[in-house]
Amino acid sequence: MERTASNIQTPNPNNGNANSTKTSSDQINNEKKPYVSHQIDARGHIDYSDNEHAMWQALLARQATKIPNRACSEYLTGLEKLNLPANQIPQLYDIDTVLQDTTGWQTAAVPALISFGKFFKLLANKRFPVATFIRRSEDMNYIEEPDIFHEIVGHCPLLTHPAFATFNETYGKLGLSASKEERMCLARLYWFTIEFGLVGQSGDQGKESRRIYGGGILSSPSETVYALSDDPDNQPECRAFDLLDVLRTPYRIDQIQPIYYAIDHLDTLFDIVDSDIMSVVKKALSLGLFEPTYPAKSA
């Protein structure tokens, strides 16, 4: 399975997890070479290796077989607008040209993980953080760090849509003035919308009307299939979006999600940002988290 986290470098947003005790030899054995983002040159260009371009090609080709009839129509329209190259990693200035012309957004090259403060500031200024590295072959199916494939293929198509773009901008502005505890709560809102959100309710035209808009799903072949699965033995729980419930729902970043929340339409994101989000955040903090529906992480 593939699992990608958002760009935020943060403690566990579910308010604590078990601390495992490892010996020095365990730590050495579990260490892996960290990812380092490429630097942009004076022309705004990034040089990637042939192996990195080959990984992009393989990832894009694999995901192209999964998203038809699963991704929402707005995502597919955005993907067409971006016109991503099949054989090489796109340059950020090419992505920026499309985003600027549609919603006034642009990308911002960042390391693999950034602080809450930087993340919110970038979004508030209509700049979407993109880590300028791509996963290695040994991490093709599983990577916690958000790489350029996750950010460009998972999120940028929908940044061409006004509701998705406005939600991200408003979210960033709210986060800038939020307390540490409120930011942890807001992280759950982002997780169950921008990262792992579904759109369309089963009451409309049956389950066939439900589609994916979350970038964490759309950049993961296994989760793209699983999120809309009708297999009774391997089926996630899908709940109608309720802001208070979302803010109280814990999650893990290292496994396929057991719960998704579905909004009615992508423009519902406008309704969410027009609501008093921070009042609901305060209520969620006073009530506390729901019991997890996933197993505890092993030590």
Side-chain angles (χ1 to χ4, degrees), residues 1-8 13-14 30 32 35 52 54-76 78-79 84 86 89 112-113 130-131 133-158 188 190-200 202 207-239 249-263 292-298:
M1 100 183 136
E2 178 183 14
R3 173 86 286 106
T4 51
S6 70
N7 286 86
I8 306 170
N14 304 319
N30 289 332
K32 72 172 186 176
Y35 283 104
E52 289 170 319
M55 175 56 67
W56 170 271
Q57 180 180 1
L59 289 167
L60 195 63
R62 184 175 67 172
Q63 193 61 357
T65 67
K66 308 296 183 183
I67 60 174
N69 299 317
R70 293 188 176 98
C72 67
S73 61
E74 295 89 345
Y75 172 88
L76 296 173
L79 194 62
L84 298 173
I89 301 171
L113 295 169
V130 175
F133 72 89
I134 195 162
R135 67 198 70 178
R136 296 181 288 266
S137 58
E138 63 267 26
D139 291 330
M140 185 172 182
N141 295 319
Y142 177 95
I143 182 172
E144 288 192 15
E145 301 91 336
D147 67 349
I148 194 167
F149 181 79
H150 168 78
E151 305 296 14
I152 297 299
V153 175
H155 293 304
C156 285
L158 277 172
R188 290 187 280 278
Y190 204 81
W191 186 263
F192 288 109
T193 53
I194 303 306
E195 292 292 348
F196 292 93
L198 301 180
V199 57
S202 59
K207 195 164 185 177
E208 293 74 19
S209 69
R210 188 170 291 151
R211 292 292 182 263
I212 302 164
Y213 75 94
I217 307 175
L218 289 168
S219 58
S220 166
S222 56
E223 193 141 0
T224 298
V225 174
Y226 169 78
L228 299 180
S229 172
D230 57 5
D231 180 355
D233 297 323
N234 186 35
Q235 187 177 34
E237 178 183 355
C238 184
R239 301 174 180 175
T249 303
Y251 64 85
R252 275 178 56 177
I253 69 171
D254 60 342
Q255 65 172 36
I256 282 182
Q257 301 304 296
I259 295 172
Y260 301 103
Y261 284 93
I263 57 178
T293 59
Y294 51 78
K297 192 170 183 177
S298 58

- Identify the heavy atoms of R211 and A71 that sit nearest to each other, and give their distance. CD-O, 3.6 Å

- Note on the structure: What one should report as the nearest heavy-atom pair of W56 and I89 is CB-CG1, 3.5 Å

- Message: If you define the side chain from C-beta out and look only at heavy atoms, does anything of M55 sit under 4.5 Å from S137?
- Response: yes

- Shortest non-hydrogen contact between L198 and C238, atoms and distance: CD1-SG, 3.8 Å

- Message: Can you tell me how the ring of F196 sits relative to the ring of W191, calling it parallel under 30°, perpendicular over 60° and tilted otherwise?
- Response: tilted

- Item | Gap separating the OG1 atom of T224 from the CD atom of Q63, nearest 0.5 angstrom | 4.0 Å

- Query: Short question: side chain of S220, backbone of G216 - any donor-acceptor pair under 3.5 Å?
  - Reply: no

- Message: Within this structure, what is the OG1-CD1 distance for the pair T193 and I263, rounded to the nearest 0.5 Å?
- Response: 8.0 Å

- Task: For residues A86 and L60, report the shortest heavy-atom separation together with the two atoms involved.
- Result: CA-CD2, 3.8 Å

- Message: My understanding is that only residues two or more places apart in sequence, or in another chain, count here; which of them pass side chain to side chain donor-acceptor pair (under 3.5 Å) with E74?
- Response: none

- Looking only at heavy atoms, what is the nearest atom pair of M140 and R62, with distance? O-NH2, 3.3 Å

- Task: Return the set of residues passing side chain to side chain donor-acceptor pair (under 3.5 Å) with R136 (not counting sequence neighbours), or none when no residue passes.
- Result: E138

- Tell me, please, which residues at least two apart from Y75 pass ring pair (Phe, Tyr, Trp, His ring centres under 6.0 Å). none

- Task: Spell out, as yes or no, whether a donor-acceptor pair under 3.5 Å connects the side chain of E195 to the backbone of G214.
- Result: no

- Task: Please check if the side chain of E144 supplies one atom and the backbone of I253 the other of a donor-acceptor pair under 3.5 Å.
- Result: no

- Task: Please identify each residue that fulfils side chain to side chain donor-acceptor pair (under 3.5 Å) with Y261, with sequence neighbours left out.
- Result: R239, T249

- Note on the structure: Distance col, row I148:CD1 vs S219:OG, nearest 0.5 angstrom, shows 13.0 Å

- Query: Do I67 and L79 come within less than 4.5 Å of each other through their side chains, counting heavy atoms only?
  - Reply: yes

- Using the test ring pair (Phe, Tyr, Trp, His ring centres under 6.0 Å), find all partners of Y226 that sit at least two apart in sequence or belong to another chain. none

- 4.5 Å side-chain heavy-atom contact, P146 and L113: yes

- Can you check whether E223 reaches K66 side chain to side chain, under 4.5 Å on heavy atoms? no

- Task: Give the C-alpha distance, both sets of side-chain angles, the deciding distance and a yes or no for side chain to side chain contact (heavy atoms under 4.5 Å, CB included) between V153 and L218.
- Result: CA-CA 8 Å; V153 175; L218 289 168; over 6 Å; no

- Message: How long is the straight-line distance from CD of E145 back to CG of D139, given to the nearest 0.5 Å?
- Response: 7.0 Å

- Note on the structure: Correct closest heavy-atom pair for G200 and A262 would be O-CB, 3.8 Å

- Task: Could you label the plane-to-plane angle of the F133 and Y35 rings as parallel, tilted or perpendicular, counting under 30° as parallel and over 60° as perpendicular?
- Result: parallel

- Message: So, using ring pair (Phe, Tyr, Trp, His ring centres under 6.0 Å) as the criterion, who are the partners of Y260 when residues are at least two apart?
- Response: none

- Message: To the nearest 0.5 Å, what is the distance between CD1 on I134 and CD on E52?
- Response: 7.5 Å

- Item | Gap separating the CG atom of L76 from the CZ atom of R70, nearest 0.5 angstrom | 12.0 Å

- Query: Is a side-chain N or O of Q257 found less than 3.5 angstrom from the main chain of Q255, in a donor-acceptor match?
  - Reply: yes

